[in-house]
Protein chains: 2
Amino acid sequence: MKILVLGGDGFCGWPTSLHLSDLGHDVVIVDNLSRRRIDSELGAESLTPIRPAKERLSAWLHVSGRRISFLEADMTDFGVTLDLLRDECPEVVIHFAEQRAAPYSMKSPEHKNYTVRNNICATHNVLNGIVATGGETHLVHLGTMGVYGYGHDEPVPVPEGYLDVRFAAIDGREISDSIVYPPSPGSIYHMTKVMDATMFQYYAKNDHLRITDLHQGIVWGTQTEQTRRDERLINRFDYDGDYGTVLNRFLMQSAIGYPLTVYGTGGQTRAFIHIQDTCRCIANAIEHPPGRGSRPQIMNQMAETHRLRDLAEMVAGMSGCEIAYLPNPRNEMAENDLVVRNDSLRGFGWEPIHLDQALMTEVIEITQKYAHRCDRAKIPSTSYWTQERERSQTEQTGTPDVAAV
Amino acid sequence: MKILVLGGDGFCGWPTSLHLSDLGHDVVIVDNLSRRRIDSELGAESLTPIRPAKERLSAWLHVSGRRISFLEADMTDFGVTLDLLRDECPEVVIHFAEQRAAPYSMKSPEHKNYTVRNNICATHNVLNGIVATGGETHLVHLGTMGVYGYGHDEPVPVPEGYLDVRFAAIDGREISDSIVYPPSPGSIYHMTKVMDATMFQYYAKNDHLRITDLHQGIVWGTQTEQTRRDERLINRFDYDGDYGTVLNRFLMQSAIGYPLTVYGTGGQTRAFIHIQDTCRCIANAIEHPPGRGSRPQIMNQMAETHRLRDLAEMVAGMSGCEIAYLPNPRNEMAENDLVVRNDSLRGFGWEPIHLDQALMTEVIEITQKYAHRCDRAKIPSTSYWTQERERSQTEQTGTPDVAAV
C-alpha cells in the first residue's frame, strides 16, 4: 500500500516507517523536523546517537534494498497538506505529526499555544485535505490513553473509546446509548488529543471518512527488529525532563547511579507498550480499516498496566539504585487503578512483549551502552502544571527543579 | 465592572456592549472587523445601514454620555491577547470573537480551515492569557445550542450542559456520574464550539478559571432599547445565504414577496431567542460568576422552540407569502423534537420576549423599512455540507443554488 507517515522522523514514526517498508509497503515520510529543533531549544538530545534524516534513509536503502521517500514539510500549512495528498494519493495516512510531550506542553504560555496550534491545525488540515481529495484515504492517528483521564474513584474498565450509558428520557423512560468515553485530559497536550477526537467524530459522521484512532499507552524501549539492523538506523531515546517517559528515565537513572525519582506516592497506574509493538499494532490497524460511514474505530494500543512505584522497585531491584519520592508537579490523583480493554488489537492475533521479557535488553543495548552521552542536568523537569505547584515545590526543596517522571 | 467585549462590533457583540455600558459598566470593545471584511468577500451587506465602528461609538457617547473604548485587534495573536489582558485588567471578558455562521464554515476547504484556526486560537489565547495574568477574570463565552445536536430518535430534554448517566463498573456495580452532554456538532462551526467546550473543561479543572458558557439558540430581531436610540446605532440584519438565520430570512423574503424557502420537510425544531434577551442574559451571567474551582457553568440561553415549517406558516399568515419546500443542503435529521431546560437564566428573574410579541415590530422597523436595500441574489445559499448533497441539489433543480435557511 502507499502510506504517508506524517511525523515519520520521530520516536514512534521512524521505527513504524521502517517496519511498514519492511512489510513491503510504499512509505513516504513527511516531517518538519520539529522534534530535532526542540532538542536544540531544550539543549537536550537523544541518548542514542540518531543520524540526520537523509543518512538514515540511505542506510535503510543500503540494508534492506527498499526506498523510503522523505519530504520536509509542515502539515500546519493547508496548501502543503493538500498538494501532498493530491500528489501522493495515499491509501493510508498515519498521523504522528503532533507535539507529543505533556511536560513540554506545560512549560510556558507560549508552549501551550504552540502545542494547540500545531496539533489542531495539523489534524484538521489532514481531515480537510482527505475530504477535498475524494475521501477514500484511511487515516490512522496516534492518540493516547491519557484522554480517558486517571481520575475515577472507582475502578471503571476503560473500554475502547466508547462507553455504554443509560439516562432518563423526557417521559421518564430509560435511554441506552453508546457514547464517546467522557474525556478527562490532564495537560494541554492531552487536551489537544481530545479535540482531535471531536474532529474525528465529526468528519466520520459528516463526510464518512475512515478513521482509526489508536489510544496508546506510554511507549518504552528503543530498538525494533529494523532499527537494530544498522547503527545508523538507531531510534531516539529521550530521558530529559520534558520528553523522557517514566520507564526510560528510570532506566537512565539506574545506569548513571541517579536515584529513581518518583512523584508523590508513585501510586499512579499507567498503561505501557513496547515500541516494537507500536509498529506491529499500526501494521494491524492498516489491514483493518473501518468502512465508510462507520464511527471512528478506536483501539487501545497497550500491553499491560503498572503502578509507577512498582516499576521503580523493579528497576531498583535490577540495579541496586535508590528510590527518591518527590513532590508531584502534575495535577493528578495520587493513586489510581487502571483496567484497560485491548480486545481489538489482540483480536488481530497480536501477542504483546512484556516488561519482564525485554527490560534487560534495553539496559544492555541502550542505557549502559550510551550512559557516557547522558547529561545529568537534563533529567530534572522544570514544567509545572500550575503556579501553585511550582511554589509548593520551591518551598519544600529550595528549587523549582524536579526530576521528571 | 471593567468588561472586555471581544467581537464587540458584531451582531450580538454590538448591542451587548451598549446594554452593558448603559448599565454603568466600563466597556472596552476589541474587534478585528473580520465580519465587515466577510461582507466584502461575500458581496453581501447588512440590510440595515450599519455605521463604521468609530462613528457608532461617538454616537453612543453623544446619546448616552458614556464612553466605550475600541481597539482593533486580532485575538488569534497571543502577544496581542496577553498585552490586552495585562493593560486592561478586566474583571470580565465576553467572548464573541468567533466565526459564527455554519454555512460560511462549510463553503470550501479554506473556509473550514479559517473557522477552525480562528475560533480555536482565539479561545485558547484568551484562556491561556487569563491564566498568565492571574486567573481571576471571569470568561463568558457565547456557545450554541447546536453542540447538543438534533439527532435523537427519542425526545431527550436538553439539560444545561451536563447529563446524569449510569454505567457499569468493573465489578458489575452501577456508577452514576454527571458528564458533559455528549456533543453532536452538525457543521465545522459547531465542531469548533465543541472543541471550545473541551478547553473550558480543562482550564476550569487545571487552573480553576471561572468560565460561563452560554449555549444560545438562534437569535432573531435586530434592535434593542439602546440601538434604537439613534439611527447611527442600528444593529446589523443579515439575510444572505451564509449569515442570515432562518427567521430573519423568512421576514426578509416576506417583505420582498420571495417565497419562504423551507429545507426538506421543515420538521426541524430549533431554539430561539430575541437579541434584546441575549443582552439581558449576558448581563445576568456577569452578575453570577461561578467560583474558582467549579466546573464551567453552562446555561441554555433560549426562550422558546419552534418547528421551522410552523415559523414559515406564521410569517406566511402575516404576509400572504407562499412557502417553497426545497432539498436540504445540510446533513441533518428531517424531523426532530426539542425540549430544552433554561432554568438557570430564568432563575435570575429573566422574562423572555416571545415571537408573537415582537415579530410585527421587526417587520415594520426593519424588513419593510429597509426592503429597498435587499439584494435578492444574495438570498440563496451556496454552501453544501457534502459533495453528495451538492450533486443531488443540482440534479433536482438544475442549479446548485438553494435559498438558504
Side-chain angles (χ1 to χ4, degrees), chain A residues 76 78 82 106 108-110 112-113 116-117 120-121 124-125 127-129 131-132 135 152 154-157 163-171 173-175 177 179-180 182-188 190-192 194-195 197-199 201-203 205-208 331 337 339 385-388, chain B residues 76 78 82 106 108-110 112-113 116-117 120-121 124-125 127-129 131-132 135 151-157 163-171 173-175 177 179-180 182-188 190-191 194-195 197-199 201-203 205-208 331 337 339 385-387:
Chain A
T76 65
F78 181 59
L82 197 56
M106 304 302 288
S108 76
E110 286 70 25
K112 292 179 188 179
N113 256 346
V116 169
R117 191 177 286 255
I120 300 307
C121 292
H124 186 256
N125 283 348
L127 291 163
N128 195 2
V131 173
H152 275 283
E154 308 189 64
V156 179
L163 181 68
D164 293 323
V165 298
R166 282 163 294 132
F167 52 92
I170 196 158
D171 53 8
R173 271 178 314 136
E174 185 173 83
I175 294 181
D177 206 354
I179 64 169
V180 174
S184 183
S187 74
I188 292 290
H190 291 99
M191 182 186 87
T192 65
V194 174
M195 294 161 78
T198 296
M199 295 191 273
Q201 291 293 326
Y202 172 77
Y203 274 94
K205 185 178 69 168
N206 193 70
D207 300 286
H208 295 177
N331 241 343
D337 289 319
V339 180
W385 261 238
T386 62
Q387 289 162 357
E388 202 180 319
Chain B
T76 66
F78 182 59
L82 197 57
M106 303 302 287
S108 76
E110 287 70 25
K112 292 179 188 179
N113 256 346
V116 169
R117 190 177 287 255
I120 300 308
C121 292
H124 186 255
N125 283 349
L127 291 162
N128 194 3
V131 173
H152 274 283
D153 295 330
E154 307 187 65
V156 179
L163 182 67
D164 292 325
V165 298
R166 282 163 294 134
F167 52 94
I170 196 159
D171 53 8
R173 272 178 313 136
E174 185 174 84
I175 294 181
D177 205 355
I179 65 168
V180 174
S184 182
S187 74
I188 292 290
H190 291 99
M191 183 186 85
V194 174
M195 294 161 78
T198 296
M199 295 191 272
Q201 291 294 326
Y202 172 77
Y203 274 94
K205 184 178 70 170
N206 193 70
D207 300 286
H208 295 179
N331 241 343
D337 289 319
V339 180
W385 261 236
T386 62
Q387 289 163 357

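Naming convention: chains lettered A, B, ... in sequence-line order (proteins, then strands); numbering from 1 in each chain.
- Rounded to the nearest 0.5 angstrom, Y203(A) OH and M191(B) CE are separated by 5.5 Å.
- For the options S108(A), A197(A), P185(A), heavy-atom pairs under 4.5 Å to chain B are most numerous at P185(A).
- Between K112(A) and L127(B), the closest side-chain pair of non-hydrogen atoms is not below 4.5 Å.
- Applying the side chain to side chain donor-acceptor pair (under 3.5 Å) test to T76(A) and every residue at least two apart in sequence or in another chain returns D74(A).
- When each of D207(A), N125(A), V180(A) is scored by its heavy-atom pairs under 4.5 Å with chain B, the top score falls to N125(A).
- Of all the listed residues (Q201(A), E110(A), K205(A)), the one sharing the greatest number of non-hydrogen pairs under 4.5 Å with chain B is K205(A).
- Partners of N331(A) according to the side chain to side chain donor-acceptor pair (under 3.5 Å) rule, which considers only residues two or more places apart in sequence or in another chain, are R389(A), N206(B).
- The candidate with the highest count of non-hydrogen atom pairs below 4.5 Å against chain A, out of V194(B), T198(B), D164(B), is T198(B).
- Of the inter-residue distances, the one linking M199(B) atom CE with I188(A) atom CD1 reads 9.0 Å to the nearest 0.5 angstrom.
- Both the backbone and the side chain of V165(B) come within contact range of chain A, with heavy atoms under 4.5 Å apart.
- For the pair M195(A)/H124(B), no side-chain contact is recorded, criterion being any heavy-atom separation below 4.5 Å from C-beta on.
- Both the backbone and the side chain of N113(A) come within contact range of chain B, with heavy atoms under 4.5 Å apart.
- A pairwise comparison of heavy atoms in I179(B) and P182(A) identifies CG2-CG, 3.8 Å as the closest pair.
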